[in-house]
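Order of the sequence lines fixes the chain letters, A, B, ..., with proteins taken first and strands second; residue numbering starts at 1 for each chain. Keep in mind that this is a model prediction, so the values were computed, not measured.
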Number of protein chains: 2
Amino acid sequence: METSRQTEQQQAAERRREELLRAADRVVLREGPDASMNAIAAEAGITKPILYRHFGDKSGLYRALAERHTDALVASLRDALDTPTGRRERVEAALDTYLAAIEARPQVYRFLMHPAEDSRAPERDFEVGRHSAPLLRRLGEELAQVVDERVDLGPGGALLARTWGHGIVGMMHAAGDWWLRERPCSRAELVQSLADLLWGRLAAAADRLGGPGL
Amino acid sequence: METSRQTEQQQAAERRREELLRAADRVVLREGPDASMNAIAAEAGITKPILYRHFGDKSGLYRALAERHTDALVASLRDALDTPTGRRERVEAALDTYLAAIEARPQVYRFLMHPAEDSRAPERDFEVGRHSAPLLRRLGEELAQVVDERVDLGPGGALLARTWGHGIVGMMHAAGDWWLRERPCSRAELVQSLADLLWGRLAAAADRLGGPGL
DNA sequence: ACTGCGAGTTACCGAAAGTAACATCAGTCG
DNA sequence: CGACTGATGTTACTTTCGGTAACTCGCAGT
């Protein structure tokens, strides 16, 4: 019975891989995204070449690691966007979900934002533009899809939805990053402020007296 | 006359520093943000230790380099925001200025977004949060200041302005990054889409038929 | 001529990614 | 039983790069 043995081995490799990822997770949580391959291997109780056999190179490992966390975050964001309430409430719920996640585990969040993909891709025409974190791209695309599914934006709506998806995610990211560093207000207040921005309060506000407004 | 000699030498050092920065600029433009110190030194016609004498370490050099470009970008953004027209026109002008800049010199832009500041700060409590590019922080603060100066946001307006400053810059950044990678539309169209987002068009849009809207 | 100082060099260290070559132990087939 | 295969693991190496120590050289000022 060779096929069953083959699958057995594949399953074993899969489990091993999971275990290695969990070890890597621990190290990244403890030492930050600049953890060395040696450190990760040591945490897993093995040595470097095995990591390389499983993940190819450091980007491979990090990609696999990021995928797990990203999937989890995307899932909770989808939940937030799926609650049957008004649009504003859902946007607020999504913002709050994201912010709660980065607040709860800032190291993971920082790791996910790391480009960290020097990716062996020498054919790239000087890799213009490809530098934003995979997490941001993924979230942007996900949000774009949700917007396009549920909001009627007329002709050209699909493109508009994608633009907004990436834009809103970027807004959330940058504001969240700033908020996490300076903690200038509560999470709820930040959520309100950002939702207000998306709801056009900047456009509606009055100019300051004494000069032309922004 | 010892003081004059001292200033002469300081001026000479300053010029040297400028020249080194220009060389570094060329290398970064040619090889991307991962250029080695050796390469930069070679381009400047000298060797590594001199770079270290002038800039301390790699982060120091990169910080100095980033400052130049950031200053330039901030200046043109301020110009765009200072044209005496309506608020929407100014926002569009600022967006277009930023996008034109990253379109014209994507390598520089990519370099500026690089965290690249391992900064000798071991006292940090695990450097939570401090990971966004200095350029983004700076732009966020600048925009916050402009908004707070010119728009009347009522009580708590200063905090709101800062939140929005960082949020809008993040939106611009993420959308610009995506646009640069995929080029899904013209620059003008992107500007319009983003301005529409800021003007509350998401909030105003109708739900899609057949289900609850976002 | 002597001294001190700043610019510059060579030659090195240490850390980290990635790899080659070897060792070991399982089960498979003659 | 004994050789073959393949996965798992190791040690020890190479390369690259940031950073530094120690030395040299030229030049102003006394």
Side-chain angles (χ1 to χ4, degrees), chain A residues 1-21 23-24 27-28 30-65 114-122, chain B residues 1-21 23-24 27-28 31-65 111 114-122:
Chain A
M1 52 205 278
E2 64 180 14
T3 62
S4 83
R5 201 189 90 230
Q6 194 174 345
T7 57
E8 278 170 28
Q9 285 183 347
Q10 283 181 347
Q11 284 177 356
E14 201 62 31
R15 275 196 306 270
R16 196 85 178 94
R17 187 185 162 97
E18 287 301 314
E19 188 192 329
L20 297 184
L21 280 177
V27 176
V28 166
R30 179 185 344 124
E31 303 186 15
D34 293 339
S36 81
M37 292 298 268
N38 260 329
I40 295 173
E43 171 75 25
I46 55 165
T47 49
K48 268 194 301 177
I50 304 186
L51 284 182
Y52 284 94
R53 283 225 260 267
H54 273 272
F55 302 102
D57 61 355
K58 191 169 189 167
S59 328
L61 202 176
Y62 274 36
R63 214 159 18 231
L65 204 49
H114 235 61
E117 35 162 354
D118 294 4
S119 81
R120 305 299 137 228
Chain B
M1 50 202 279
E2 61 182 15
T3 64
S4 82
R5 201 189 88 229
Q6 195 175 338
T7 57
E8 279 171 28
Q9 285 184 347
Q10 283 181 348
Q11 285 177 356
E14 201 63 30
R15 276 194 306 269
R16 197 82 178 97
R17 188 186 160 96
E18 287 301 314
E19 188 193 329
L20 297 184
L21 280 177
V27 176
V28 167
E31 302 187 14
D34 294 340
S36 81
M37 293 297 268
N38 262 328
I40 294 173
E43 171 76 25
I46 54 165
T47 50
K48 267 194 302 175
I50 303 186
L51 285 182
Y52 284 94
R53 280 224 257 270
H54 273 273
F55 302 101
D57 61 356
K58 190 168 191 168
S59 327
L61 201 176
Y62 274 35
R63 211 155 24 225
L65 203 50
F111 164 75
H114 233 61
E117 35 162 354
D118 294 3
S119 82
R120 304 300 136 231

Undergrad: Nearest heavy-atom pair of Arg17(B) and His54(B): which atoms, and what distance?
TA: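 That would be NH1-O, 3.4 Å.
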
Undergrad: At how many degrees, to 10°, do the end axes of the helix from dA1(C)-dT30(D) to dG30(C)-dC1(D) meet when each uses five pairs?
TA: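 Roughly 30° between the end axes, to the nearest 10°.
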
Undergrad: How many Å lie between CG on Leu20(A) and C1' on dG9(D), as a whole number?
TA: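 Computing the Leu20(A):CG to dG9(D):C1' distance gives 12 Å.
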
Undergrad: Indicate yes or no: does Glu18(A) engage Arg15(A) in a salt bridge with an N to O separation below 4.0 Å.
TA: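 No.
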
Undergrad: Heavy atoms, side chains only, cut-off 4.5 Å: are Met37(A) and Leu61(A) in contact?
TA: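 Yes, at least one pair of side-chain atoms sits under 4.5 Å.
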
Undergrad: Quick check for you: to the nearest 0.5 Å, what is the distance between Leu20(A) atom CG and Leu65(A) atom CG?
TA: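 Output value for this atom pair is 11.0 Å.
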
Undergrad: Asn38(B) CG to dT9(C) P: how many Å, rounded?
TA: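 About 12 Å, once rounded to whole Å.
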
Undergrad: With side-chain contact (heavy atoms from CB on, under 4.5 Å) as the criterion, how do Ile46(A) and Glu19(A) come out once you've worked through the C-alpha distance, each side chain's angles and the decisive distance to 0.1 Å?
TA: CA-CA 11 Å; Ile46(A) 55 165; Glu19(A) 188 192 329; over 6 Å; no

Undergrad: Can you identify which nucleotide, out of dA17(C), dG18(D), dG8(C), has its nearest atom closest to the Met37(A) side chain?
TA: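 Comparing dA17(C), dG18(D), dG8(C) against the side chain of Met37(A), the answer is dA17(C).
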
Undergrad: Do the side-chain N or O atoms of Arg17(B) get closer than 4.0 angstrom to the phosphate oxygens (OP1, OP2) of dA7(C)?
TA: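 Checking Arg17(B) against dA7(C): no side-chain N or O falls below 4.0 Å of OP1 or OP2.
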
Undergrad: At what distance, to the nearest 0.5 angstrom, does CG of Leu51(B) lie from CG of Leu21(B)?
TA: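 Reported to 0.5 Å precision, the distance equals 9.5 Å.
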
Undergrad: For residues 40-50 of chain A, which residue pairs qualify under salt bridge (Lys or Arg N to Asp or Glu O under 4.0 Å), counting only residues two or more places apart or in two chains?
TA: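 Counting only pairs at least two positions apart or across chains, the salt bridge (Lys or Arg N to Asp or Glu O under 4.0 Å) contacts touching residues 40-50 of chain A are Arg26(A)-Glu43(A), Arg30(A)-Glu43(A).
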
Undergrad: Is the gap between the ring centers of Tyr62(A) and Phe55(A) under 6.0 Å?
TA: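 No, too far apart.
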
Undergrad: Round to a whole Å and report the spacing from CG of Asp34(B) to P of dA17(C).
TA: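 These atoms are roughly 14 Å apart.
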
Undergrad: Within residues 45-56 of chain B, find the residues that approach DNA chain D with a heavy atom at under 4.0 Å, and present them sorted by residue number.
TA: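 Output list: Lys48(B), Pro49(B), Tyr52(B).
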
